[in-house]
Amino acid sequence: MYGDVNISGAKNAAVAIIPATLLVDGKCVLENVPNISDVKISCNILEKLGAKIEWLSEHSISVDTSHISSTTAPFDMTSKFRASYYLIGSLLSRCGEAEVGLPGGCNLGARPIDQHIKGFEALGADVNVSQGKISAKADRLVGTSIYMDTVSVGATINVMLASVLAEGTTTIDNAAKEPHVVDVANFLNTMGADIRGAGTDVIKITGVEKLKGDATYSIVPDQIEAGTFMLAAIASKGDITIHNCIPKHLDCLTAKILEIGGHVEEGDDSLRIWCDSRPTKTNVKTAPYPGFPTDLQPQIGVVLSVADGTSIINEGIWESRFQYTAELNKMGANITAQGKTAVFEGVDFLSGAPVYASDLRAGAALIIAGIIANGKTELYNLGHIDRGYENIEEKFRKLGANIKRVKE
Ligand code: EPZ
């Protein structure tokens with residue numbers, strides 16, 4: 001594949017910032033919002049809670065949360081996706097109570113929320129989980145110190161949301177450092193919050209009376225989408241320039257690409273990736289940022305399935321994130337996945353086959369596999385992909401891929 005691709009706003013920032021607008025007693029405008037189904041679901045849920053949302057353009061929305069009419073999120077909607085848990089932190093902060101269906105989302109294994117609950121209870125909330133719902137209630141939230149037992153993006157953001165309007169100061173130790181954690185903190189500070197240290201292990205939040213809103217915030221570029229296209233360039237031995245990205249956010253992947261024989265040229269907000277020979281083998285261990293992102297694990301799995309030699313991937317975050325390897329094996333790959341480890345014996349080429357997306361990133365990986373394979377691939381379960389990638393087939397087609405969406 002050859003050419004240029006523009007990266008959209010980050011899904012994992014947007015699905016946190018949209019619920020975070022509930023903390024604003026007023027209006028705000030979000031720009032660089034990705035046009036994806038998870039964002040649309042988030043907006044629909046907020047409207048059910050009383051928010052007024054207007055799409056100002058394809059990628060910007062105005063959100064008016066002056067009047068919140070309910071603190072119970074519609075179960076049929078929240079159980080559809082993972083990020084619904086951010087409604088708990090936001091509603092607890094703004095209204096002192098929340099009832100939300102337990103999160104759904106990708107089937108990556110158990111997806112506990114014990115660290116979220118630990119944070120809410122430490123701040124003084126009563127939390128109850130029953131009949132598939134989580135209810136939280138607090139007469140007042142009082143700042144405290146919380147040490148995360150495991151590095152968790154969701155719990156770090158949720159505790160931040162629950163602390164912004166609390167009395168006193170909250171310290172989150174062993175905090176997640178992902179770019180989208182920083183983006184949520186930057187959004188809240190733009191609205192008048194007092195959050196320091198986001199992007200480091202220790203985040204300090206000093207409670208404020210209210211968030212004034214009346215501001216505009218542009219969502220950070222999606223480093224996982226950018227990484228997906230970087231790996232597409234390597235898998236296809238092509239030359240792709242990625243625009244509207246933050247190269248620093250992809251340092252770990254860049255290092256890995258150089259290791260396997262690819263080339264990277266960094267611009268201020270762009271990355272050019274090219275590869276003119278067969279990638280060589282390597283080993284990958286996924287870890288919290290700034291380690292190798294678990295959300296790019298299936299995509300590099302496609303590259304390693306056709307690399308020269310034997311590679312090993314250790315999935316350090318999720319229990320079950322190798323479902324895609326069975327699909328790649330249908331295409332002629334030679335991968336043995338066992339628990340959190342998969343061994344890739346590189347093959348010369350993949351062959352087209354009917355394959356199924358098990359989750360968002362597996363789906364993106366299978367698109368790359370279909371593009372580089374000999375023959376035709378039919379990919380099913382596109383709904384997973386549409387949750388987090390905007391116009392993905394259009395972006396790949398512009399890079400020279402022979403891809404089209406047909407009715408399932
Ligand atoms: C976010 O999920 C992302 N989703 C995931 O991206 C991403 O894979 C993950 O972070 C890790 O980077 C969104 O941001 C909406 P975690 P999240 O809490 O917050 C354990 C994608 O493809 N844990 O950082 O749910 C958990 O089991 C999606 O865009 C607890 O034990 O992930 C996991 O092993 C897939 N207790 C680890 O921590 C908790 O209370 C990291 O989970 C919370 C998490």
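Source: prediction; values computed, not measured. Every number for a ligand or one of its atoms is a count from 1 in the order of the listing.
Between Glu315 and the choices Gln297, Lys340, Arg321, the side-chain hydrogen bond (donor to acceptor under 3.5 Å, both in side chains) rule is met once, by Gln297.
Judged by the 6.0 Å and 45° rule, Lys133 forms a cation-pi pair with Phe75.
In this structure, the side chain of Thr200 engages the main chain of Gly197 through a donor-acceptor pair within 3.5 Å. Between the side chain of Thr286 and the backbone N or O of Phe292 there is no donor-acceptor pair closer than 3.5 Å. Side chain of Lys237 to backbone of Pro279: no donor-acceptor contact under 3.5 angstrom is found. Although no hydrogens or angles enter the test, the distance criterion places a donor-acceptor pair under 3.5 Å between the side chain of Arg94 and the main chain of Thr65.
Close contacts between ligand 1 and Leu360 involve ligand atoms 21 (C), 22 (O), 29 (O) [criterion: under 4.0 Å to a heavy atom]. Below 4.0 Å from some heavy atom of Tyr85 lie the following atoms of ligand 1, by number and element: 17 (P), 19 (O), 25 (O). Which parts of ligand 1 touch Ile113 is read off a 4.0 Å heavy-atom cut-off, strictly below it: atoms 39 (C), 40 (O). Close approach to Arg321 involves these atoms of ligand 1, each under 4.0 Å from a residue heavy atom: 8 (O), 22 (O), 35 (C). Here is the list of ligand 1 atoms found below 4.0 Å of a heavy atom in Lys11: 21 (C), 29 (O). The contact set between ligand 1 and Arg111, taken as ligand atoms under 4.0 Å from a residue heavy atom, comprises 2 (O), 25 (O). Each of the atoms 36 (N), 39 (C), 40 (O) of ligand 1 lies under 4.0 Å from some heavy atom of Gln115. Annotation for ligand 1: atoms under 4.0 Å from non-hydrogen atoms of Ile317 are 33 (C), 34 (O), 37 (C), 41 (C).
Summarising the contacts of atom 21 (C) of ligand 1 with Leu108, Asp114, Asp295, the nearest heavy atom is found in Asp295. Remark: among candidates Ala83, Pro112, Ala287, the nearest residue to atom 31 (O) of ligand 1 is Pro112, based on non-hydrogen atoms. Residue nearest to atom 23 (N) of ligand 1, selected from Leu296, Asp359, Thr150: Thr150 (by heavy-atom distance).
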Kindly list each side-chain donor-acceptor pair under 3.5 angstrom involving residues 241-252, sequence neighbours excluded, with atom names and distances?
from, atom 1, to, atom 2, distance (Å)
His243, NE2, Asp4, OD2, 2.7
Lys248, NZ, Asp251, OD2, 2.7

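For ligand 1, one of its N or O atoms has an N or O atom of Val153 under 3.5 Å away. The shortest N/O to N/O separation between Ser152 and ligand 1 falls below 3.5 Å. Residue contacts with ligand 1: His180 is placed with no nitrogen or oxygen under 3.5 Å of a nitrogen or oxygen of the ligand (distance criterion only). Here's the thing with Tyr86: none of its N/O atoms is less than 3.5 angstrom from an N/O atom of ligand 1. Considering backbone and side-chain atoms together, Gly154 places an N or O closer than 3.5 Å to an N or O of ligand 1.
At a threshold of 4.5 Å between non-hydrogen side-chain atoms, the residues Ser163 and Val159 count as touching. Looking only at side-chain heavy atoms (C-beta outward), Leu56 and Ile61 stay at 4.5 Å or farther from each other. The shortest side-chain heavy-atom distance between Met191 and Cys28 falls under the 4.5 Å cut-off. Ser152 places a side-chain heavy atom less than 4.5 Å from the side chain of His116.
For the pair Asp149 and ligand 1, no heavy-atom separation below 4.0 Å is found. Using a 4.0 Å cutoff on heavy atoms, Gly388 does not count as a contact of ligand 1. At least one heavy atom of Val151 sits under 4.0 Å from some atom of ligand 1.
Taking 4.0 Å as the cut-off between side-chain N and carboxylate O, Lys137 and Asp126 do not count as a salt-bridged pair.
Contacts between Trp318 and ligand 1, counted as non-hydrogen atom pairs separated by less than 4.0 Å, involve the side chain only.
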